[in-house]
Amino acid sequence: MEKNDFVRSVFDSSSIALITHVNPDGDAIGSSIALKHALEKMGKLVDVYCQDDIPDIFKFLEGVDRIKKADDLTKNYDLAVALDCSDRERMGTCSSVMDRADRSANIDHHVSNTFYANINVVDENASATGEIVFELVGLLDNSTNINMASKAIAVAIYTAIATDTGRFSFSNTSPKTHRIVASLIEWGVDVDRLSNLLFKSHSFEWVKLLGLVINTLEMYRDGKVAIMHISQEMMDKAGAAEEETGGIIQYAKDIYGVELAAVLREIDPSTTKVGLRSESLVDVSALAQEFGGGGHKRAAGYTIELPITQAQVSLMEAIDMHFEE
Ligand code: 5GP
Ligand code: MN
């Protein structure tokens with residue numbers, strides 16, 4: 001069992017690096033911070049790495065201020081653990097920390113995971129990587145005399161699960177998800193406070209950007225496909241940061257009758273990042289993988305070396321193929 005292999009590997013290691021993906025989201029940060037706290041309770045030396053800045057909205061999590069950036073990549077660890085990364089590339093420049101470590105592990109829930117580490121704890125039925133971390137923390141609790149039921153761990157895992165399930169509303173939300181969350185509340189999560197911090201804390205710039213992006217909405221295939229775009233000009237006009245593009249895609253997805261929503265974000269004049277959401281007909285993970293990306297059946301993405309208009313043409317062709325299957 002991979003989970004037991006992971007626990008053994010933790011026991012065999014004194015220095016451990018945790019690495020999460022570029023443009024980190026709530027699951028990336030929450031699952032990493034939770035595992036960091038658990039491993040530190042065991043007396044391990046733990047560093048968390050992320051190539052990109054931590055969005056302000058997650059700064060309330062205990063320990064995020066100690067996450068290391070890509071400019072500090074010289075240490076060697078006994079064990080390097082990737083969290084919420086479907087492939088090596090998702091770690092960005094921080095993948096070099098895994099390359100240099102003695103052993104590696106990969107904790108993830110993406111269907112597109114490429115099993116790139118020595119130990120691969122991959123469960124595509126988990127709603128979030130945080131859900132798998134909860135189980136691993138339970139195993140660590142059982143195999144030591146350490147009580148892992150701390151508020152800091154609970155808050156971090158709750159952040160991971162609440163964000164990746166869209167507040168317990170997406171199809172990945174399972175009975176197990178709710179059972180885990182029940183435990184987290186028993187461990188001390190204040191649901192009202194966390195909901196305010198995570199979901200009712202938009203910046204004025206995010207709302208301004210939302211207004212601009214909604215104006216770009218186009219509908220195709222009899223209202224089944226909704227596409228929006230975000231140009232750099234819009235970002236500048238709204239004064240929004242990269243992290244403030246998150247969540248906007250849901251407004252296209254939430255239109256009645258929409259089966260597939262896409263947001264095309266201009267990274268530079270010749271590079272576009274595409275975010276995808278699907279209701280039930282199209283496997284957007286498969287679609288994203290055709291362009292070198294990945295994700296889940298219902299939420300996926302990729303980056304393509306094309307200007308936004310050409311990226312949309314190639315996306316529309318792929319969407320047509322998938323609808324005709
Ligand atoms: P989002 O649209 O929220 O950025 O991403 C939705 C899902 O797709 C996430 O699970 C994320 O991990 C995955 N995803 C987004 N962009 C990429 C990408 O460029 N490569 C891979 N492998 N996965 C991606
Ligand atoms: Mn995730």
Side-chain angles (χ1 to χ4, degrees), residues 18-35 50-52 55 57-58 82-92 95 106-116 121-134 156-166 168 170-174 177 180 213 226-230 242-253 260-265 267 271-278 282-306 311 315:
L18 306 180
I19 311 161
T20 195
H21 60 76
V22 298
N23 301 318
D25 59 10
D27 189 24
I29 299 161
S31 60
S32 304
I33 288 293
L35 189 56
C50 183
Q51 178 194 285
D52 295 325
I57 192 165
F58 300 121
L83 291 114
D84 206 37
C85 294
S86 53
D87 53 56
R88 265 177 184 276
E89 287 64 45
R90 290 289 284 162
M91 288 182 265
S95 65
N106 153 31
I107 304 174
D108 187 39
H109 68 131
H110 290 93
V111 63
S112 58
N113 195 284
T114 58
F115 289 71
Y116 50 87
V121 189
V122 178
D123 179 2
E124 61 183 72
N125 294 315
S127 68
T129 299
E131 211 176 288
I132 308 171
V133 166
F134 177 85
I157 297 179
Y158 187 95
T159 296
I161 297 176
T163 53
D164 255 27
T165 57
F168 316 105
F170 299 154
S171 58
N172 56 358
T173 311
S174 70
T177 309
I180 291 172
V213 177
I227 297 190
M228 306 196 292
H229 63 260
I230 307 176
E242 185 61 39
E243 66 193 60
E244 283 161 323
T245 58
I248 289 180
I249 193 169
Q250 204 60 35
Y251 286 82
K253 173 65 189 45
L260 188 148
V263 170
L264 295 103
R265 155 93 172 99
I267 301 295
T271 314
T272 303
K273 174 150 180 52
V274 180
L276 298 165
R277 297 290 184 275
S278 151
V282 177
D283 177 350
V284 285
S285 170
L287 198 159
Q289 284 177 69
E290 288 164 22
F291 293 101
H296 311 282
K297 272 188 181 174
R298 304 284 161 251
Y302 62 91
T303 299
I304 187 165
E305 296 301 315
L306 283 177
L315 170 65

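In each ligand, atom 1 is the first atom listed, and ligand 1 is the first ligand listed.
At the top of the distance list for atom 19 (O) of ligand 1, counting protein heavy atoms only, stands Y302 CA, 3.5 Å. For atom 11 (C) of ligand 1, the closest non-hydrogen atom of the protein is R90 NH2, 3.6 Å. In this structure, atom 9 (C) of ligand 1 lies nearest to the protein heavy atom H110 NE2, 3.9 Å. Nearest protein heavy-atom neighbour of atom 7 (C) of ligand 1: A299 O, 3.5 Å. Here the heavy atom of the protein found nearest to atom 23 (N) of ligand 1 is G294 O, 3.2 Å. Counting protein heavy atoms only, atom 8 (O) of ligand 1 is closest to A300 CA, 3.1 Å.
Assignment of R277 to the shell around ligand 1 is supported, since a heavy atom sits closer than 4.0 Å. Under the 4.0 angstrom criterion for non-hydrogen atoms, Q289 is not in contact with ligand 1. The shortest heavy-atom distance from E89 to ligand 1 is not under 4.0 Å. Contact between S112 and ligand 1 is absent, with no heavy atom of the residue lying under 4.0 Å from the ligand.
Residue-and-atom listing of protein N/O/S atoms under 2.8 Å from the Mn ion (ligand 2), sorted by chain and number: D27 OD2, D84 OD1, H109 NE2, D164 OD2.
Among all heavy-atom pairs drawn from Y116 and A82, the shortest one is OH-CB, 3.3 Å. Scanning all heavy atoms of the two residues, the minimum distance from V111 to H296 falls at CG1-CA, 4.0 Å. Counting all heavy atoms, side chain and backbone alike, G26 lies closest to T163 at CA-OG1, 3.5 Å. Residues T129 and S31 come closest through the heavy atom pair CG2-OG, 3.7 Å. For the residue pair I157 and A34, the shortest heavy atom distance occurs at CG1-CB, 3.4 Å. The minimum heavy-atom distance linking P24 with P55 is given by the pair O-CG, 3.7 Å.
The closest donor-acceptor contact from the side chain of N172 to the backbone of D164 lies under 3.5 Å. A side-chain donor-acceptor contact under 3.5 Å links T20 to the backbone of L83. Here the side chain of R298 pairs no donor or acceptor atom with the backbone of L276 at under 3.5 angstrom.
Under 4.0 Å from ligand 1, not a single heavy atom of V263 appears.
Each of the atoms 10 (O) of ligand 1 lies under 4.0 Å from some heavy atom of H296. In the vicinity of G293, heavy-atom distances shorter than 4.0 Å reach the ligand 1 atoms 20 (N), 21 (C), 22 (N). Here is the list of ligand 1 atoms found below 4.0 Å of a heavy atom in K273: 15 (C), 16 (N), 17 (C). For ligand 1 and S86, the ligand atoms under 4.0 Å from any heavy atom of the residue are 22 (N). Below 4.0 Å from some heavy atom of D87 lie the following atoms of ligand 1, by number and element: 22 (N).
Remark: S86 pairs with no residue by the side-chain hydrogen bond (donor to acceptor under 3.5 Å, both in side chains) rule, at least two apart or across chains.
Inspection of the D52 and H21 side chains reveals no N or O donor paired with an N or O acceptor under 3.5 Å. Between the side chains of E89 and S95, no donor-acceptor pair of N or O atoms lies under 3.5 Å.
Remark: E124 does not engage K297 in a salt bridge, criterion side-chain N to carboxylate O under 4.0 Å.
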Inset, instruction - Show the numbers, then the answer: is there a side-chain hydrogen bond (donor to acceptor under 3.5 Å, both in side chains) between H109 and D27? - result: CA-CA 10 Å; H109 68 131; D27 189 24; 3.3 Å; yes
